[in-house]
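Worksheet: the structure to be examined is printed underneath.
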Amino acid sequence: MKIALNAGFTCPNIDGTKGVGGCIYCSPSGSGDFAGDKRLPIDAQFDAVCGKMREKWHEGLYIAYFQARTNTYAPVRVLRDRFESVLARPGVVGISIATRADCLPGDVLDYLSELNERTYLIVELGLQSVFDETGERINRCHTYAEFLEGYNALEKRGINTCVHLINGLPGEDRAMMLKSASAVAALRPHCVKLHLLHVLKNTPLAEMYERGGFELLEMEEYVSIIADQLELLPPETVIQRLTGDGARASLIGPMWSLKKFEVLNAIDKEMEQRQTFQGNKFQCL
């Protein structure tokens with residue numbers, strides 16, 4: 001079970017180092033809406049989230065998931081303080097660290113290499129799109145070239161990486177979304193997360209949407225795009241996510257995203273109707 005935690009970090013596109021305001025879709029909790037309460041110590045967050053998870057799954061081992069904002073954007077001594085306490089807990093067999101590819105200085109990479117030698121480690125990198133114009137539009141504040149630099153630094157150290165892509169970003173069409181998937185496929189990452197863009201209250205994205213700045217994907221269109229992307233991705237790449245949603249109280253749309261099992265079932269049905277599978281077109285890249 002993944003135990004989602006909030007270590008209270010910020011991001012370089014929030015604190016003014018590279019920009020302010022964060023990514024335009026990011027919620028006030030830093031995309032950690034289902035993570036622990038950052039006002040609590042990490043141990044207390046872990047216990048609280050575990051309690052909720054055990055209501056569904058009564059036993060199992062744990063992966064500590066540092067989800068909200070940029071979880072390598074701090075001095076190594078701070079990272080050690082956050083990560084080591086939870087890794088020492090009974091039943092914790094690994095750690096997943098969500099971050100940005102431009103927040104991996106040498107000393108942080110050294111610490112991640114150390115972690116990788118003694119526990120199961122995945123570093124999650126938010127790419128979202130390979131198009132720099134999209135990155136500017138969403139206030140990502142790093143380029144695709146910077147992403148590749150960080151990704152390659154992790155790969156050279158043998159660290160498992162999970163790459164995030166978002167479908168439906170403002171200004172992007174189907175061809176661009178497939179181009180991003182093709183580019184990621186060529187990297188052959190350990191894992192990929194495919195997200196649906198959803199609009200949350202109190203975000204710049206919500207203001208853009210209310211002005212008519214873009215349209216949300218319909219479920220049928222999204223399912224078709226996901227099937228196309230799965231065909232492009234390597235068969236050995238682990239797909240950790242096929243959709244995404246927000247907390248019901250803060251979600252503006254698309255509301256169909258709340259019906260997660262219906263979305264997943266529709267993807268299964270689409271793949272079956274096509275008589276296709278993940279990696280079916282990977283050799284054609």
Side-chain angles (χ1 to χ4, degrees), residues 2 5 7 9-15 17-19 22-23 26 30-31 63-84 86-87 94-132 134-136 138-166 179-195 233-234 236-241 282 285:
K2 269 190 171 182
L5 305 168
F9 296 125
T10 185
C11 297
N13 64 341
I14 289 178
D15 69 4
T17 300
K18 284 194 163 185
C23 298
C26 201
S31 293
I63 293 176
Y65 180 23
F66 286 84
Q67 180 182 22
R69 297 200 169 97
T70 302
N71 291 280
T72 59
Y73 191 50
V76 170
R77 60 176 176 78
V78 177
L79 302 183
R80 283 187 182 275
D81 177 69
R82 301 293 196 276
F83 300 160
E84 299 295 339
V86 73
L87 282 171
I95 184 170
S96 184
I97 301 170
T99 190
R100 292 163 54 103
D102 60 344
C103 293
L104 295 169
D107 58 343
V108 169
L109 287 167
D110 289 342
Y111 176 49
L112 293 175
S113 295
E114 176 193 325
L115 285 176
N116 196 45
E117 291 177 359
R118 55 188 170 89
T119 192
Y120 177 70
L121 169 67
I122 290 182
V123 175
E124 299 193 13
L125 294 181
L127 171 58
Q128 323 315 0
S129 171
V130 301
F131 294 94
D132 286 343
T134 299
E136 292 177 7
I138 64 175
N139 199 43
R140 189 68 189 162
C141 294
H142 73 63
T143 64
Y144 181 46
E146 288 176 296
F147 168 83
L148 290 175
E149 183 179 351
Y151 176 87
N152 289 329
L154 292 168
E155 286 292 298
K156 287 178 181 177
R157 292 169 180 259
I159 296 171
N160 290 327
T161 307
C162 180
V163 180
H164 291 216
L165 291 175
I166 296 179
K179 176 69 174 178
S180 288
S182 294
V184 170
L187 298 175
R188 305 187 80 133
H190 179 64
C191 305
V192 166
K193 283 186 175 181
L194 301 174
H195 290 264
L233 291 166
E236 71 274 12
T237 293
V238 177
I239 308 299
Q240 287 200 6
R241 182 177 288 274
F282 176 66
L285 297 177

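Here the closest heavy-atom approach between residue Cys162 and residue Lys193 is recorded as SG-CG, 3.7 Å. When every heavy atom of Thr237 is checked against every heavy atom of Arg188, the shortest pair comes out as OG1-C, 4.5 Å. Scanning both residues, Cys141 and Arg100, for their nearest heavy atoms gives O-NH2, 3.4 Å. Heavy-atom minimum distance, Val130 versus Ala183: CG1-CB, 3.7 Å. Between Gly94 and Thr119 the shortest heavy-atom distance is CA-OG1, 3.4 Å. Among all heavy-atom pairs drawn from Asn139 and Asn13, the shortest one is O-ND2, 2.9 Å.
Between the CZ atom in Arg77 and the CG atom in Asp107 there is a gap of 11.5 Å [rounded to 0.5 Å]. Separating the CG atom in Leu104 from the OG1 atom in Thr72 is a distance of 4.5 Å, to the nearest 0.5 Å. Rounding to the nearest 0.5 Å gives a distance of 12.0 Å between CD1 of Ile122 and CG of Leu154. Arg140 CZ to Ser129 OG: the interatomic distance, rounded to the nearest 0.5 Å, is 11.0 Å.
Asn116 places a side-chain N or O within donor-acceptor distance of the main-chain N or O of Gly158, the cut-off being under 3.5 Å. Side-chain atoms of Asn71 never come within 3.5 Å of backbone atoms of Ala7 as a donor-acceptor pair (strictly under, hydrogens ignored). Thr161 contributes no side-chain N or O that, together with a main-chain N or O of Pro189, makes up a donor-acceptor pair within less than 3.5 Å. Here the side chain of Asp132 pairs a donor or acceptor atom with the backbone of Tyr144 at under 3.5 angstrom. Side chain of Tyr151 to main chain of Leu125: no donor-acceptor pair is present (N/O by atom type, distance under 3.5 Å, no hydrogens or angles). Side-chain atoms of Asp102 never come within 3.5 Å of backbone atoms of His142 as a donor-acceptor pair (strictly under, hydrogens ignored).
Annotation: salt bridge (charged side-chain N to carboxylate O under 4.0 Å, His left out) contacts of Asp110 (sequence neighbours excluded): Arg157. Residues satisfying the salt bridge (charged side-chain N to carboxylate O under 4.0 Å, His left out) test with Glu117, not counting sequence neighbours, are none. Here Glu114 pairs with Arg80, Tyr111, Arg118 under the side-chain contact (heavy atoms from CB on, under 4.5 Å) rule; sequence neighbours left out.
Below 30°, between 30° and 60°, or above 60°: for Phe9 and Phe83 the angle between ring planes is above 60°, a perpendicular geometry.
In this structure the side chain of Arg82 never reaches within 4.5 angstrom of the side chain of Leu5, judged on heavy atoms. Residues Asn160 and Cys191 form no side-chain contact, since every pair of their non-hydrogen atoms from C-beta on lies 4.5 Å or further apart. Considering only heavy atoms from C-beta on, Ile159 comes within 4.5 Å of Ser113 through its side chain. Side-chain contact check for Ile97 versus Leu112: some heavy-atom pair is nearer than 4.5 Å. Two residues are said to be in side-chain contact when any heavy atoms from C-beta on lie closer than 4.5 Å; Thr99 and Tyr73 fail this criterion.
Residue Glu149 qualifies as open at atom CD: its count of foreign heavy atoms under 6.0 Å is 12 or below.
Between Lys18 and Glu146, at least one side-chain nitrogen of the basic residue sits less than 4.0 Å from a carboxylate oxygen of the acidic one, meeting the salt-bridge criterion.
Residues Glu124 and Ser96 have side chains that bring a donor and an acceptor to within less than 3.5 angstrom of each other.
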Verdict with supporting geometry, Leu87 and Leu115, side-chain contact (heavy atoms from CB on, under 4.5 Å):
CA-CA 10 Å; Leu87 282 171; Leu115 285 176; 3.6 Å; yes
